[in-house]
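In what follows, a single structure is set out as structure tokens and then discussed.
The figures that follow rest on heavy atoms only: side chains count, while hydrogens, waters and symmetry mates do not. Each chain gets a letter, A, B and so on, in the order its sequence line appears, and its residues count up from 1.
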Amino acid sequence: MKSLQELKRLITENEIWRSVFRHGYTDTPRNRVLQIISNVWLHLHPAKVREHGTKIRFTWCMGGITFFIFLFEALTGILLMFYYTPDVNRAYADIVDLMYVVPFGRFLRNSHRWGAHAMVITVSIHMLRVFLTGSYKPPRQFNWVVGVFLLVLTFLLSFTGYLLPWDQLGYWAITVGTNMARATPLLGHEGPFSYILGMEANNDIRFALLGGTSIGAPALLRAYVWHCIGIPVIASALMMVHFWRVRKDGGISGPL
Amino acid sequence: MAVSEQRSVSVEIKDDKVFTWPNLVAKEFLAAIFVTVGLLVYSYFVDAPLRELSNPGQAENPAKAPWYFLGLQEALVYFDPWFAGVVLPSIIVIGLIVIPYIDNNPKGNGYYTFRERKFAVSTFMFGYIFWYILIYIGTALRGPFWSFFWPWEEWTHDFPTPPPLHNLPLPVGIALLLGFYFFGLVVPAMVNRRFFNNIGVIRYVITMGLMVTMFGTVLKMFLRLAFNIKYIIATPWINI
Amino acid sequence: MGPKEKKESCGSEKEGGIWFTISRRNFLTLAGWALFFAAIGAYLGELFGYKGFFYPKVLFEPSPKFAVGEPKDFLPDSVTTLKSRKIFVVRDGDSFKAISVVCQHLGCAVEFSKEKNIFECPCHGSKYYRNGVNFAGPAPRPLDHFQMVLDDNGRLVIDTSVKVPLETELIV
């Protein structure tokens, strides 16, 4: 134990360390406040929170974990983008390369994929928790609405990512998924009453999603752009609102 | 005298606030670490699925959507795509959005309780659990050609061809559907007047409309399974 | 009292018009906002609206018309699957039919089951008889039948842009 103290002194009490960290951290109430409000990341939180809001058995920590997984997905996703080309002739080969050739690639792809599944699970558990604690009740109604949009965006993020490997699994999942859009009443050419608007395979809503009458090169590129840029940007904007409203609506809900 | 007064004041002020640093931040940090470790360990041992190169002429058998959409895919067996794939999800999303505005019960705000909001919690839990049951059926119990297999049965391509389906006659179907919605919208209001008066006409119609639709969806699945009914209402323009 | 006086000063009410009383300043404010939202709406409409940015005008997709071979290439009383073209060529004696592979439910590729002599969809279990008529599962209607002709070189040519009634068959 004594040697550990000595080691600490050896590291911290010298000119180099002192030149970087000018002073130590004394654990005072003032410093605890400053840690939060003078930190660009942490000042998302208020300096003090009600105690029940820190209880894992109350919040299950699911909202925070969902946000963390989103960041995790962004990081791994950006790394995957270095090796992936959204082109029908190359996409599959790039993924196979990631799995077998690129150092660390298999691990990255796995964690991106499982993180996506985990995010869907945590976001749905978060919704369950918020419902069970009645946290959507006044004054938090609107934040629940924002949360529902974020839930939908999570599904869409995962769904658009599904096509990118260009394998049988993704191809047919997206075939089935976008053919549902084909059946939209009025707007899809297989949907009820679509003949009123004169919908055909080459001008309906599915056509706008895929950029063609079947899943091909334009569809892959569109899925890629929506997955990597479009939806994350929209989701980030909504997340800002979501977190901001948590604070402005009185913090994590609790017994009044 | 003065001392005791001060004490009573200090009891009244309810300040259960704690410092975010380190009480909350430490827990968040730990949660982030556990999630990362969990994900990385899982990713190390389990490979993400990757099938062969996509082939537009040869569908996967069974071809399944991502697991969280398998509830919808399972619903597709019982409904036309315009309902199961578009209208039903839209109703679910809209239903979720309007929850805060139709639930005007002031109790149960910010704590776990079943007793004070039995109706809300049981309805939501029914939908939530049913959604996951459908996902389970779609994931685990649907084999080749999307035919049903019990967990103890082996997936084969050799299964009896299902019996042909038939539709209800149009007048019967329309009467059934109208009767069902009429029953679902009117009877609860008559039986439980207090509930009706509490939430008002507009909230009542939206709430019960959503709820009757939810139960109707389940009921239609039951009709298909029990009586091989394909459509309740079959017209050249729209089928339900 | 302020707003009320302003309203009277506008004048149109005195003349007994049915028009809303609205001051010039308010009118210009409203008009400004209307212009703003109209411009945003027009922009978004062009972007996301019907036949806007997301509807490509030129497609690079395979031609709907293609030759599949000579009649003798197909065995009598057989169903040949041409996967890359998404077509079944059904031959019964001298009659030929071109039936689409695409399931009418959600567009999966149906498969021909030789033992049962039916088409089955792997996605949601729709089933079709050999002539393409649906009989089980969620499929709403029979499989598409495409036009098939014999060209000058004696080859069967299928045009997937032309759908024909179920009874249509090419007798060679």
Side-chain angles (χ1 to χ4, degrees), chain A residues 32 35-36 42 45-51 54 56 61 64-65 68-69 72 92 95 99 107 109-111 113-115 118 120 128 131-137 141 144-145 148 152 155 158-159 162 165-169 171-173 176-177 179-180 183-185 191-193 253-256, chain B residues 16-25 27-28 31-32 35-36 39-40 42-44 46-56 59-60 63-69 72-73 80-82 84-87 93 96-97 99-101 103 106 108-113 117 121 124 128 237-238:
Chain A
R32 289 184 170 198
Q35 276 289 353
I36 296 297
L42 291 180
H45 291 302
K48 292 182 92 177
V49 288
R50 291 178 64 189
E51 196 183 0
T54 68
I56 301 277
C61 209
I65 288 177
F68 177 73
I69 296 178
F72 181 89
Y92 184 74
I95 297 290
M99 292 297 272
F107 191 56
R109 174 169 183 263
N110 289 350
S111 54
R113 179 65 161 252
W114 299 131
V120 174
L128 180 67
F131 186 90
L132 290 181
T133 54
S135 304
Y136 57 83
K137 298 192 172 192
Q141 303 103 313
W144 166 272
V145 176
V148 173
V152 173
F155 285 142
S158 192
F159 189 61
Y162 224 72
W166 204 246
D167 64 341
Q168 281 285 71
L169 196 64
Y171 183 89
W172 289 103
V176 173
N179 279 346
M180 290 186 201
T184 313
F193 308 117
S253 70
L256 299 166
Chain B
D16 62 343
K17 286 198 168 178
V18 294
F19 283 113
T20 308
W21 178 281
N23 296 293
L24 183 57
V25 177
K27 282 178 184 169
E28 286 173 341
V35 169
T36 314
L39 273 179
L40 293 189
Y42 192 76
S43 313
Y44 185 79
V46 186
D47 273 349
L50 183 68
R51 303 276 169 80
E52 59 270 42
L53 179 64
S54 69
N55 177 356
E60 282 278 284
K64 293 187 176 185
W67 63 267
Y68 39 84
F69 283 140
L72 288 180
Q73 198 176 349
D80 270 7
W82 69 269
V86 182
V87 176
V93 169
L96 285 174
I97 286 176
I99 282 177
Y101 303 102
D103 180 6
N109 187 345
Y111 52 94
Y112 293 99
T113 172
R117 36 199 298 253
V121 171
F124 186 81
Y128 197 85
W237 310 283
I238 199 161

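- Inter-residue side-chain proximity for B/Leu53 and A/Asp167 is flagged as unmet; no heavy-atom pair is nearer than 4.5 Å.
- Of the residues considered (B/Leu50, B/Asn23, B/Leu39), B/Leu50 shows the highest number of contacts with chain A, using heavy-atom pairs under 4.5 Å.
- With a threshold of 4.5 angstrom between heavy atoms, B/Tyr101 approaches chain A through side-chain atoms but not through N, CA, C or O.
- Rounding to the nearest 0.5 angstrom, the gap separating the CG atom in A/Leu132 from the OH atom in B/Tyr128 is 9.0 Å.
- With a 4.5 Å cut-off on non-hydrogen atoms, B/Phe19 touches chain A through its backbone and its side chain both.
- In this structure, chain B has heavy atoms under 4.5 Å from both the backbone and the side chain of A/Phe131.
- Ranked by non-hydrogen atom pairs under 4.5 Å with chain B, the options A/Ile95, A/Asn179, A/Thr133 are led by A/Thr133.
- No side-chain heavy atom of A/Val176 sits under 4.5 Å from any side-chain heavy atom of B/Phe69.
- Contacts of A/Val152 classified as side chain to side chain contact (heavy atoms under 4.5 Å, CB included), with partners at least two apart in sequence or in another chain: A/Leu156, B/Val93.
- Only the side chain of A/Trp144 comes within less than 4.5 Å of a heavy atom of chain B; its backbone N, CA, C and O stay farther away.
- Only the side chain of B/Val87 comes within contact range of chain A, with at least one heavy atom under 4.5 Å from a heavy atom of that chain.
- Options B/Val25, B/Asp80, B/Asp47, B/Asn55 differ in how many heavy-atom pairs under 4.5 Å they form with chain A, and the most are formed by B/Asp47.
- No side-chain heavy atom of A/Phe193 sits less than 4.5 Å from a side-chain heavy atom of A/Pro185.
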*Working for side chain to side chain contact (heavy atoms under 4.5 Å, CB included), residues A/Phe72 and B/Val35*: CA-CA 10 Å; A/Phe72 181 89; B/Val35 169; over 6 Å; no

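- Your options are A/Arg109, A/Lys48, A/Met180, and the one with the most heavy-atom pairs under 4.5 Å with chain B is A/Lys48.
- Using bins of under 30°, 30° to 60° and over 60° for the plane-to-plane angle, the ring pair A/Phe155/B/Tyr68 lands in the parallel bin.
- Under the 6.0 Å distance and 45° angle rule, B/Arg51 does not count as a cation-pi partner of A/Tyr171.
- With chain B as the partner, the residue from A/Gly115, A/Ala47, A/Pro46, A/Gly177 showing the most heavy-atom pairs under 4.5 Å is A/Ala47.
- Looking only at side-chain heavy atoms (C-beta outward), A/Ile69 and A/Trp114 stay at 4.5 Å or farther from each other.
- Of the two parts of A/Phe107, the backbone and the side chain both hold a non-hydrogen atom closer than 4.5 Å to a non-hydrogen atom of chain B.
- Contact annotation for A/Trp172: only side-chain heavy atoms (C-beta onward) come within less than 4.5 Å of a heavy atom of chain B.
- At a 4.5 Å heavy-atom cutoff, the contact between A/Ala118 and chain B is made by side-chain atoms alone.
- Residue contact with chain A, scored on non-hydrogen atoms closer than 4.5 Å, involves the backbone and the side chain of B/Tyr44 alike.
- Using a 4.5 Å cut-off between heavy atoms, A/Leu169 contacts chain B through both its backbone and its side chain.
- Most heavy-atom pairs under 4.5 Å with chain A: of the set B/Ala31, B/Pro22, B/Pro81, B/Pro56, this distinction falls to B/Pro56.
- The minimum heavy-atom distance between A/Ser111 and B/Leu40, with the atom names listed, is CB-CD2, 4.2 Å.
- If you measure heavy-atom distances from A/Gln35 to chain B, the contacts under 4.5 Å come from the side chain alone.
- The shortest heavy-atom contact between A/Ala173 and B/Ala65 is CB-CA, 3.8 Å.
- Ranking B/Glu52, B/Lys27, B/Gln73, B/Lys64 against chain A, the residue ahead of the rest is B/Glu52, based on heavy-atom pairs under 4.5 Å.
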